Student: 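First, the structure itself, so that you have it in front of you.
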Amino acid sequence: MPRFHSATFPVRHYECDAYGHVNNTNYLRYMEEAAFQASADAGYDHHYYQSSGTTWLIRHTEVEFLQPLFYGDSVTVKTWVADMRHIRSIRMYELTRTG
């Protein structure tokens with residue numbers, strides 16, 4: 001059974017474009033921060049990666065946008081590892097407007 005982690009972030013004004021939508025790159029930032037938190041929650045925090053001389057990196061990302069987020073909203077990012085094979089994994093995300 002996968003280990004789920006959720007993190008909630010406020011949408012800040014500087015993350016939005018001229019139309020008031022969250023700029024697409026910021027969705028990736030929310031996802032990355034939630035993944036770092038999930039890793040730390042599983043016992044692999046920043047200090048672990050620093051002391052082991054390892055890191056993780058993103059090779060491929062697909063995002064399907066269903067509805068935009070706006071300034072003043074909050075977004076909850078749910079993340080989990082769907083598949084783990086030696087040194088590669090597939091991390092899934094679900095973003096939900098929560099405020």
Side-chain angles (χ1 to χ4, degrees):
M1 178 154 185
R3 179 186 187 110
F4 294 96
H5 180 82
S6 293
T8 301
F9 305 98
V11 173
R12 294 161 294 229
H13 186 266
Y14 63 83
E15 297 171 329
C16 298
D17 61 20
Y19 301 104
H21 305 110
V22 168
N23 184 290
N24 292 348
T25 59
N26 288 303
Y27 289 94
L28 298 174
R29 289 185 175 124
Y30 301 141
M31 293 161 63
E32 182 179 33
E33 183 62 28
F36 273 114
Q37 289 181 16
S39 182
D41 188 51
Y44 302 99
D45 63 4
H46 172 71
H47 299 292
Y48 165 81
Y49 292 111
Q50 216 173 22
S51 65
S52 67
T54 61
T55 189
W56 53 270
L57 48 100
I58 301 166
R59 278 184 17 134
H60 178 83
T61 304
E62 290 183 30
V63 178
E64 181 179 359
F65 295 96
L66 302 177
Q67 293 182 354
L69 291 169
F70 298 93
Y71 172 66
D73 288 341
S74 292
V75 59
T76 297
V77 181
K78 180 179 175 182
T79 184
W80 63 98
V81 175
D83 187 26
M84 184 74 171
R85 297 188 186 183
H86 190 58
I87 62 169
R88 289 189 180 174
S89 66
I90 296 175
R91 179 172 286 281
M92 304 296 289
Y93 300 88
E94 180 180 281
L95 282 71
T96 307
R97 180 182 293 116
T98 53

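If you're wondering where the values come from, they're calculated on a predicted model, not measured in any experiment.
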Student: So Phe70 and His21, side-chain contact (heavy atoms from CB on, under 4.5 Å) or not? Walk me through it.
Tutor: CA-CA 5 Å; Phe70 298 93; His21 305 110; 3.3 Å; yes
Student: For the ring pair Tyr93 and Tyr27, is the centre-to-centre distance below 6.0 Å?
Tutor: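 No, ring centres 6.0 Å or more apart.
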Student: OG1/Thr96 to CG/Leu69 distance, rounded to the nearest 0.5 angstrom?
Tutor: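 So the gap between those two atoms works out to 9.5 Å.
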Student: Look up atom CG in Leu95 and atom CD in Glu64, then write down how far apart they are to the nearest 0.5 Å.
Tutor: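 Output value for this atom pair is 12.0 Å.
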Student: Could you verify whether a donor N or O on one side chain and an acceptor N or O on the other, from Glu15 and His13, lie under 3.5 Å apart?
Tutor: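 The answer is no; no qualifying pair exists.
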Student: Under 4.5 Å between side-chain heavy atoms, hopping through other hydrophobics if needed: is there a path connecting Val63 to Val75?
Tutor: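 Same cluster.
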Student: Within the supplied structure, the quantity of interest is the number of heavy atoms (other residues, nucleotides, ligands) at a distance under 6.0 Å from Tyr71 OH; does it exceed 12?
Tutor: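 No, not enclosed.
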Student: Salt bridge (charged side-chain N to carboxylate O under 4.0 Å, His left out) with Arg59: which residues, sequence neighbours excluded?
Tutor: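 Counting only residues at least two positions away or on another chain, Arg59 forms no salt bridge (charged side-chain N to carboxylate O under 4.0 Å, His left out).
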Student: From Thr8 OG1 over to Tyr30 OH, what is the distance, rounded to the nearest 0.5 angstrom?
Tutor: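 Answer rounded to 0.5 Å: 11.5 Å.
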Student: Which atoms form the tightest heavy-atom contact between Met31 and Val77, and what is the distance?
Tutor: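 Reported closest heavy-atom pair: CA-CG1, 4.4 Å.
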Student: When you measure from the side chain of Asp83 to the backbone N and O of Ser89, does any donor-acceptor pair fall under 3.5 Å?
Tutor: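 No.
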Student: For Phe36, which fellow cluster members are found when Ile, Leu, Val, Met, Phe, Trp and Tyr are connected by side-chain heavy-atom distances below 4.5 angstrom, either directly or through intermediates?
Tutor: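 Result for Phe36 is Tyr44, Tyr48, Tyr49, Trp56, Ile58.
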Student: Test salt bridge (Lys or Arg N to Asp or Glu O under 4.0 Å) on Arg29 and Glu32; report intermediate values, then the result.
Tutor: CA-CA 5 Å; Arg29 289 185 175 124; Glu32 182 179 33; over 6 Å; no
Student: Between Val11 and Cys16, is any pair of side-chain heavy atoms under 4.5 Å apart?
Tutor: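 The answer is yes; the side chains approach within 4.5 Å.
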Student: Would you say the side chains of Thr98 and Ser74 form a donor-acceptor pair under 3.5 Å?
Tutor: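 No, no side-chain donor-acceptor pair sits under 3.5 Å.
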Student: Is it the case that the side chain of Ser51 and the backbone of His47 share a donor-acceptor pair, with hydrogens and angles ignored and the cut-off at 3.5 Å?
Tutor: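 Checked: pair present.
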Student: Just by distance, do the side chain of Thr79 and the backbone of Met92 share a donor-acceptor pair under 3.5 Å?
Tutor: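 Between the backbone of Met92 and the side chain of Thr79 there is a qualifying donor-acceptor contact (under 3.5 Å).
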Student: Please identify each residue that fulfils side-chain hydrogen bond (donor to acceptor under 3.5 Å, both in side chains) with His5, with sequence neighbours left out.
Tutor: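 If we apply the side-chain hydrogen bond (donor to acceptor under 3.5 Å, both in side chains) test to His5, skipping adjacent residues, the hits are Gln37.
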Student: As an exercise, state the distance from CG of Asp17 to CG of Asn26, rounded to the nearest 0.5 Å.
Tutor: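 It comes to 10.0 Å.
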Student: Do you reckon Ile90 sits in the same ILVMFWY cluster as Val81, going by side-chain contacts under 4.5 Å, direct or chained?
Tutor: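 Unlinked, Ile90 and Val81 end up in two clusters.
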Student: Flag the pair Phe9 / Glu33 as yes when at least one side-chain heavy-atom distance between them is below 4.5 Å, and no otherwise.
Tutor: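 Answer yes - side chains close enough.
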Student: Ignoring hydrogens and geometry beyond distance, is a side-chain donor-acceptor pair present between Thr76 and Ser6 at under 3.5 Å?
Tutor: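 On atom types as modelled, these side chains do not qualify, holding no pair under 3.5 Å.
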Student: Starting from the C-alpha separation in whole Å, work towards a yes-or-no answer on side-chain contact (heavy atoms from CB on, under 4.5 Å) for Lys78 and Phe4.
Tutor: CA-CA 7 Å; Lys78 180 179 175 182; Phe4 294 96; 3.3 Å; yes
